[in-house]
Amino acid sequence: MSPVGREPIAESLLAIADQFAHPGQVTDIQPFGNGNINDTFLVTVDVPVNHQFILQRINTQVFRQPELVMQNMRVVTDHIHDRLQQQPPDLRWETPRVLPTRSDRDHWEDATGAVWRAISFIDQSQALEAIQNVEHAREVGYALGNFHRLISDLNPDKLADTLEGFHITPRYLQHYQSVLSNIHQTSQALVDENVQYCIDWIADRTTFASVLEEAKNQGKLRLRLMHGDPKVNNVMIDIATQKAVSIVDLDTVKPGLIHYDIGDCLRSGCNPLGEETQDWQAVRFDLDLCRGILQGYLSVAHAFLTGQDYDYLFDAIRLIPFELGLRFFTDHLEGDVYFKTKYSGHNLMRALVQFKLMESIEQQEVAIRQMMEEMH
Ligand code: GN1
Ligand code: MG
C-alpha cells in the first residue's frame with residue numbers, strides 16, 4: 001500500500017527510475033517542486049543514507065540539445081566537487097551530482113523520445129518556495145555568492161551555450177515587439193485592461209532594457225559564468241542548521257553577467273508574496289530582505305566585485321523583474337508556449353506580479369541605492 005496522501009508509483013516512472021544506477025529498491029516516486037520548464041520527481045530508495053534522488057524529464061522544446069545540458073552539468077559539478085576537496089570542510093557545502101544510467105550514460109531517452117536524467121538529492125535539506133525571513137534571505141544571498149566563488153576559476157570556454165539569448169534582455173524585447181506587431185490590433189487578446197497595462201508598462205521602459213548589455217559592450221561589466229536561475233527555491237537549506245548548503249538547477253550555467261544572477265536572486269527573494277501570487281496589486285519589494293540577501297552575497301562576493309560592478313547593482317535589481325515580466329507577458333500573447341501554466345491567464349498574472357515588483361523597486365530607488373552605498 002502507498003503511504004497516506006501519496007499517489008502509487010506509476011509503473012512507467014518506476015521503469016524509468018530503474019534505468020539509473022541507484023542502490024536498493026525504489027519505494028516511492030512523487031512529483032517534486034514547481035519548475036516552470038522540466039518535469040521533476042523525487043525518488044526514494046530503501047537504503048539508509050542518500051536514500052533520495054531527483055528524476056527529471058528535460059523539456060526538449062526549451063533545451064534543444066539536452067546532451068549539451070548534461071555535458072555542461074558534469075563540467076560544472078566536477079569543477080565544484082574538485083574545489084570542495086581542496087578546501088577545509090569548515091562549512092557544509094555540496095553540489096548535486098549527475099547519476100549515470102546503468103550503461104554509464106548521463107541521460108536516457110525513452111521510447112517516446114523523452115529525455116530523462118537523474119541527479120543526486122542534497123541529503124537532509126529542503127528548498128523553500130518563498131522567502132521566510134531575513135535569516136533565510138541572508139542564506140540565499142550567501143548561496144549565490146559561494147556559487148559564484150566556486151565557479152570563478154572555471155574556464156567559460158568549457159561550457160556550451162545551451163539556450164541562446166537567455167538573459168539578454170534586448171533580445172526578449174525584440175521578440176516581444178515582433179509578437180505584438182503580429183497580433184492584429186483589434187484582436188480580443190489586446191482588449192483586456194491588464195494586457196494594456198503590460199503593453200504600456202513595457203513601452204515606457206524600452207531604452208532601459210539594454211542597460212546591462214551596453215555596459216558589457218562598453219567593457220564596464222565583465223563576462224563571467226553565471227548560474228542563470230538563482231531563485232529562492234533553488235537554494236537548498238540544511239534542515240537542522242537552517243544554513244544554505246547548495247544551489248541546484250544547473251541547466252542554465254553559462255557565460256553571462258553575474259548581475260543577471262544578482263537581479264534574479266533579489267527579484268525572487270524580496271517579494272514576500274512570491275512570484276505565483278494572484279494578488280498582484282499587493283506585491284512589494286521588501287528592503288529588509290534586500291539588505292539580508294546583499295549582506296549574505298557580499299560576505300563572499302566582496303572579494304571579487306569591482307567598483308563598476310557595484311555601480312550597476314541597482315540597474316540589475318530593476319532590470320530582472322522587467323525581463324521576466326516581459327518573458328511571461330510575451331508567452332501569454334503567444335498562447336503559453338514556453339512556461340508551463342496551471343490556469344488560463346497564468347502567464348499574464350505572472351507578468352503583472354513582476355511589473356508591480358519593478359514599480360516598487362523604482363519607488364524605493366533612493367533607499368536601495370543608499371543601502372548599497374553603505375554596504376560597499
Ligand atoms: C524558469 O523552470 P524553472 O522554474 O527552474 C525559467 C527561469 C525563470 C523561472 C521563473 C530555462 O525556471 O529563467 O526565471 O522559470 N527557466 C528557463 O520562475 O527559462
Ligand atoms: Mg530553472
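Numbering of ligands and ligand atoms starts at 1, following listing order. Since this is a predicted model, take the numbers as computed values, not measurements.
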### Query
Of the backbone and side-chain N, O or S atoms of D251, does one lie nearer to the Mg ion (ligand 2) than 2.8 Å?
no
### Query
At a non-hydrogen distance cut-off of under 4.0 Å, which region of D229 contacts ligand 1 (side chain, backbone, both, or neither)?
side chain
### Message
Under 4.0 Å, heavy-atom basis, I'd like to know which part of D249 is in contact with ligand 1: side chain, backbone, both or neither.
### Response
side chain
### Query
Mind checking whether I54 and S120 have side chains closer than 4.5 Å, heavy atoms only?
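They are not in contact (no side-chain heavy atoms under 4.5 Å apart), so the answer is no.
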### Task
Evaluate the side-chain proximity of R57 to V115: yes if any heavy-atom separation is below 4.5 Å, no if none is.
no
Side-chain donor-acceptor contact under 3.5 Å, [X] with [Y]:
X: D39; Y: N59; value: no
X: E94; Y: H81; value: no
X: H302; Y: Y297; value: no

Can you report which non-hydrogen protein atom sits closest to [atom], along with the distance?
atom: atom 10 (C) of ligand 1; answer: E275 OE2, 3.2 Å
atom: atom 17 (C) of ligand 1; answer: Y338 OH, 3.4 Å
atom: atom 16 (N) of ligand 1; answer: I37 CG1, 3.8 Å
atom: atom 4 (O) of ligand 1; answer: K231 NZ, 2.6 Å

### Query
Residues two or more places apart in sequence or in another chain: which of them pass salt bridge (charged side-chain N to carboxylate O under 4.0 Å, His left out) with E129?
none
Output the list of atoms in ligand 1 that are nearer than 4.0 Å to some heavy atom of [X], sorted by atom number.
X: F63; value: 11 (C)
X: L163; value: 11 (C)
X: F166; value: 13 (O), 17 (C), 19 (O)

### Message
Of all the N, O or S atoms in D229, which has the shortest distance to the Mg ion (ligand 2)?
### Response
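Within D229, restricted to N, O or S, the Mg ion (ligand 2) is closest to atom OD2.
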### Task
Looking at D249, pick out the N, O or S atom nearest to the Mg ion (ligand 2) and give its name.
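Going by distance to the Mg ion (ligand 2), the closest N, O or S atom in D249 is OD2.
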#### Entry: Option nearest atom 15 (O) of ligand 1 (shortest heavy-atom distance, choices N36, I320, V69)
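Residue with the shortest heavy-atom distance to the ligand atom: N36.
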For [X] and ligand 1, answer yes if some heavy atom of the residue is under 4.0 Å from a ligand atom, otherwise no.
X: R327; value: yes
X: R267; value: yes
X: D251; value: no

### Message
Using 30° and 60° as the class boundaries, would you call the ring planes of F147 and H227 parallel, tilted or perpendicular?
### Response
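Correct class here is perpendicular.
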#### Entry: Mutual orientation of the aromatic rings belonging to Y310 and H376 [parallel < 30°, tilted 30-60°, perpendicular > 60°]
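The arrangement is parallel - the two ring planes meet at less than 30°.
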### Query
Between R267 and E275, is the closest basic N to carboxylate O distance under 4.0 Å?
yes
### Query
Take atom CD in E164; do more than 12 heavy atoms of anything else shown fall under 6.0 Å from it?
no
